[in-house]
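This report concerns only the one structure given below.
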Amino acid sequence: MKFFLDTANVEEIKRIHSLGLVDGVTTNPTIISREGRNFEEVIKEICSIVSGPVSAEVISLDAEGMVKEAREIAKWADNIVVKIPMTEEGLKATHILSQEGIKTNVTLIFSVAQGLMAAKAGATFISPFLGRLDDIGTPGIKLIEDLRTVLNNYGLKAEIIAASIRSLEHVEATAKVGAHIATIPGSLFPKLWSHPLTDNGIAQFMKDWESFKKEEA
Ligand code: E4P
């Protein structure tokens, strides 16, 4: 499974990228607003750090406006993916952009039907929101699992980005049901490589080594 970072924080991206773990980055208007930086400047900087796909979202709600914005955003770097909301206008824009060879990530997907529509319209990526479904008492992981089945059934090329991930359990469950990608907040990432028994084990090894050295001296 590929790991994307769900952040626009350049320091977080650099830290985790240095471990060889960042296959791409996703942002949205909320994530960008947290950084308090110019949208174009921060996206270009992220694209210069990460060679994989970097998603930047349009603000327009009509297809014409989305396509216009997408064509501009796509010029910022070779690895740009334009994020488009899952609406009728978004589907129209996705279809036009796919014919122009501009990569898209259709976002805010909450049902199998929405995912299927986006994939058929030509989306490069589709983003089902796991955590927000869990928030309303609907198991988000089931949507990811069902979408993978549907894409496989019909040989659709879109890749699933499991989004709105909130926990280590979400990441593990997402991997088990075969999402192509999990996009993970920077703050959650360290929990993926940590375990209390690893920390305890290291502490014990250090203690035993110190005793052994003292005896030897
Ligand atoms: C990423 O593409 C999504 O925009 C993001 O994962 C949404 O996460 P949230 O539901 O925690 O805001």
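Counting starts at 1 for both ligands and their atoms, following the listed order. Each residue takes its place number in the sequence, starting with 1. Everything numeric in this text was worked out from a predicted model, so none of it was measured.
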- Note on the structure: From the list Thr183, Thr26, Asn105, side chain to side chain donor-acceptor pair (under 3.5 Å) with Ser127 holds only for Asn105
Contacts table for ligand 1: protein N or O within a distance under 3.5 Å of ligand N or O, distances only.
residue	atom	partner	partner atom	Å
ligand 1	2 (O)	Lys83	NZ	2.6
ligand 1	4 (O)	Asn28	ND2	2.7
ligand 1	4 (O)	Lys83	NZ	3.2
ligand 1	6 (O)	Asp6	OD2	2.5
ligand 1	6 (O)	Ser164	N	2.8
ligand 1	10 (O)	Arg132	NE	2.7
ligand 1	10 (O)	Arg132	NH2	3.4
ligand 1	10 (O)	Ser164	OG	2.7
ligand 1	10 (O)	Arg166	NH2	3.2
ligand 1	11 (O)	Arg166	NE	3.4
ligand 1	12 (O)	Arg132	NH2	2.8

Are [X] and [Y] side-chain neighbours, meaning at least one heavy-atom pair lies under 4.5 Å?
X: Met66; Y: Glu89; answer: yes
X: Lys120; Y: Leu156; answer: yes
X: Ile13; Y: Val25; answer: yes

- Does Thr104 offer a backbone N or O that forms a donor-acceptor pair with the side chain of Thr124 under 3.5 Å?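 Answer holds: yes.
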- Message: Closer than 3.5 angstrom, by distance alone: can the side chain of Glu69 be matched with the main-chain N or O of Ile59 as a donor-acceptor pair?
- Response: yes
